[in-house]
Every structure is written in C-alpha cells, then in structure tokens.
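Data block below; observations after.
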Amino acid sequence: MSGGASPGPTPSPGPIRTVCVVGSGGREHALAAVLARTAEVVVTPGNPGIGGTSPEGHRIRSVDTPPEEVEADLYVIGPEAPLVNGLADRLRAAGRLVFGPGADGARLEGSKAFMKELLAEAGVPTARFGVFTEVGPAVEFLRSLDGPWVVKTDGLAAGKGVLVTDTLAEAEADVAAKLSGDAFGAAGRRVVVEEGLVGPECSLLVLCDGERLAPLAPAQDFKRRDDGDLGPNTGGMGAYSPVPEVDAGLVDALVDEAVAPLVVALRARGIDYRGVLYAGLMLTPTGPKVLEFNVRFGDPETQVVLPRLEGDLCALLAEAAAGALVTTPRFRPDPAVCVVLASEGYPEHPRTGDRIAGLAEAAAVDGVTVFHAGTADDPDGSGVVTAGGRVLGVTALGPTLDEARTRAYAGVAAISWPGMQHRGDIARAAASGAGPDPTDTHVKAEAPR
Ligand code: AMP
C-alpha cells in the first residue's frame, strides 16, 4: 500500500484552551483529568465520573454532542474504532488539530498482518510469523514451530481473535475455524500464525508527531481476571508504572530498535502518523520483542502513566498533533498502581445496573483517584450504577510502589456493589522487589474490552 492520505495543512499549535476527548472509558477519564491541569476539557460521550472542575480550576464536561460539532483547540481520540474508521481524517479535513492517526496509520491495529509485515520490513524484533488464507500452508507452518503456538485473526475481532496454546492440535483446529469464516466472519478469513514467546510483558507508549518520538514511562498491565494470572483473559485488571526492570536505557533502546524503524516504514508508505504508538512488548530471554502495536493509549496503562506526568499534557499532545514535538515528557518518581473493579460475570457476561457504594470514601484516601470506565447515572435518582464489564479503575500514587499499592487497595476496600470482582495481587511481585510480575502466556485469548 502506498500514498496514505495526507493530513492536509497543519494548524500550528497555538494556545490550547479547550480540548475535546473522544471516548467513554477509564482511559478517557485519565486523559481528561491530566489535560484539565491546563485547559477546559469536553469529553464525548464521556461518563458520569468525568465532570467537575480540576484542582487547577478548569472545567471538565461529558457531552452527547458528536466530536465534529464540539469546538475545541485540540482533539484527542481515545479508542481504536473511531481511528480505524477515519475520525481523525475527517476532523483534520475540517482544519482541526488532532492527536490520533488517520485511517492509514490506524491500519496498524486494524490489520495484524499489515502490522507484522511492517515490523518484518523494518527489522523490528518480533515473533516469527506467517500470514495465511489457506488451511494447508498455515498448518504446515504451525508444525514447523516449537510451541506454544499463536493464531490471530487479521482483523479486529471484538477482542477475542488471539489464541495462545500449548497444544498443536488446538492451534490447527483454531486455524481451520478462523479461516472458515464461521468463528470470526471476515476478520478471520486471513490469519497470522506466530511462534509463542515467553516472558513478562511490558507496555511502552510513545508519542509521535509523524517523525519525532517521545516515550512515556513504561507500565505493566495484568490481563487475566484472577489472582496468580488465572482465569479468563480480560481487557486488563490493573497496571503499575514504572516497571523497575525497564530503565531509561532500555526505554531508549526500545524506541531506537522497535519504534523508530516502524515510523520510517510508515513514512515510506506516505503515512504521517500523529498520535501515540503503543508497543506491547515481551521481555524474552533473548531480548525484548514486539507482540503488537496499538494506535491509541492503553487501558488501564494510561491510568498509571499519565498521573505521573509532570507538566503540560495539552502542550505535548498539541505538539505531536502539529508535527512539532519538541518537549521531552518528564515523570515524577512516585510510582502509580491501578486496580480495576469489574462487574459480576465479567468478562463473559457482565451484569449491569448494580448500585455502586463508597466512591466518595475511596476518593478521600490519600493519593487515590477513582477513574470511571463502565458506569451510568442511576436511573432511579442520585448515584451511579455499573454499566459495563470494567467499571472503575482505582489509581493511587505513592512514594514507593508498595505504598501506592497499599493506598490503591485502601481505595478498593471502600467501594462495593453486589458481585464486584478485582484482583488482589496487582503489582505485588514488583512491589516486593521480585521483578516484573511473570505473565503466563499459555492458552491466552486476546483481551475482551
Ligand atoms: P495481541 O493482541 O497481539 O497483543 O495479543 C493479545 C495477547 O496475547 C498479548 O497481550 C499476549 O499476552 C498474547 N500474545 C500475543 N502474541 C503472542 C506471542 N507471539 N507469544 C505469546 N503470547 C502472545
């Protein structure tokens, strides 16, 4: 593919007085909270937790208005779906300053085959892979690999398109099911088959202005629902930042070896990528390897990375949006821990409509912020009810990882609703100095959102 859509004339990043954030989850709540240090923030559609006035005195609002109709100096698009669907292109065509890639760059997340081919072309370390539309060659390739085996749908598949398994027969059956179109429709008619990598995972979010890169602090998230990395895969049950093993030197090396070559490959295709590149990395015994790139801020990683940022997020994102990224993001040393509270039945059949108690008590705990993800106003009056699988992210900053953990769990203890679920071991291994929490990579499926 070549000749990606040009973003058109770039508005210069004048003063940012109002920011429009697109999305409704915990990621958008965290973005709004940190952007509101220096600007008014309008979130569309937002959620009941996103509102009020920041400590610095800037208004935060959730509105039902479509982003095209919100007047703002900067637009920040949270989730991948509107990016893949070209929202950034439409806003840029209307002369707006937008943080988020166009549909051409968002293809990185919309097609795993495209992403892997770009990584291979750019020489980025990643799992060995092949792209297939026929069962025979895919099975032959599977048999040439040592386990664990990984089978991914090429397209977005409602968060369920990745199988990681120790059993070759299961991988072979999965290839056939995906390619038949029965399991995932069109998204599965092309598959990426990969060697399974083993090691702790780490997420690195890197701002990009089309050319220049600025890494944010690394984070680790927790994908399985239950303690000890057991239970089903989820959209993320918690996170912490920084990751002690991923020091500044390793971050620089990852940017040089994994992210910069990708941006060169994007540019070679005419893609002017202005947004965040989220590298999902596995720290393997033979060095870090890229599992995937996403085209948006991670959730819940954002909830632990952005609160640690020092300075002006509006200016940083505006610089990247304008192709003029000159500021280096700086982070306070205080670690952050986020514990996700999920509804009964999550991830398979989340129950909604349960009344949430203790929000104010949790927010009163020293260092704690409660980010809303899946909440709604109680239709029967005041208060808030559950309205999704992942409901809240209780985030705490502290002078040490252990203290941040203690505070986050004190916040968690204040909150309750019938059937509330959370993990008790977020950041436990890292806080005790035992290194990054090991991630069991076996028999994983891609996280449901
Ligand atoms: P992806 O959407 O490609 O990141 O895959 C979702 C999850 O599956 C990742 O976060 C990993 O936990 C796991 N995964 C993906 N690819 C691999 C691989 N090659 N080896 C081991 N685990 C993987």
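What you are looking at is a predicted structure, and each value in this text was computed from that prediction instead of being measured. Atoms within each ligand, like the ligands themselves, are counted from 1 in listed order.
- Annotation: side-chain hydrogen bond (donor to acceptor under 3.5 Å, both in side chains) contacts of S203 (sequence neighbours excluded): E301.
- Using a 4.0 Å cut-off to heavy atoms of K223, the atoms of ligand 1 that qualify are 10 (O).
- Counting all heavy atoms, side chain and backbone alike, I271 lies closest to F114 at CD1-CZ, 4.4 Å.
- The shortest heavy-atom distance from E195 to ligand 1 is under 4.0 Å.
- Note: no N/O pair closer than 3.5 Å links A127 and ligand 1 by distance alone.
- L359 places a side-chain heavy atom less than 4.5 Å from the side chain of L392.
- Using the six-membered ring where Trp is involved, H29 and F371 have ring planes that are perpendicular, over 60° apart on the 30 and 60° scheme.
- Not a single heavy atom of G280 sits less than 4.0 Å from an atom of ligand 1.
- With respect to the salt-bridge test (charged N to carboxylate O, under 4.0 angstrom), the residues E319 and R212 do not qualify.
- If you number the atoms of ligand 1 from 1 as listed, the ones under 4.0 Å from a heavy atom of G196 come out as 20 (N).
- Against a heavy-atom cut-off of under 4.0 Å, E201 is close to the following atoms of ligand 1: 9 (C), 10 (O), 11 (C), 12 (O).
- Inspection of the R308 and S241 side chains reveals an N or O donor paired with an N or O acceptor under 3.5 Å.
- In the vicinity of E292, heavy-atom distances shorter than 4.0 Å reach the ligand 1 atoms 1 (P), 2 (O), 3 (O), 4 (O).
- In terms of polar-atom proximity, K112 is counted as a contact of ligand 1, with an N or O under 3.5 Å from an N or O of the ligand.
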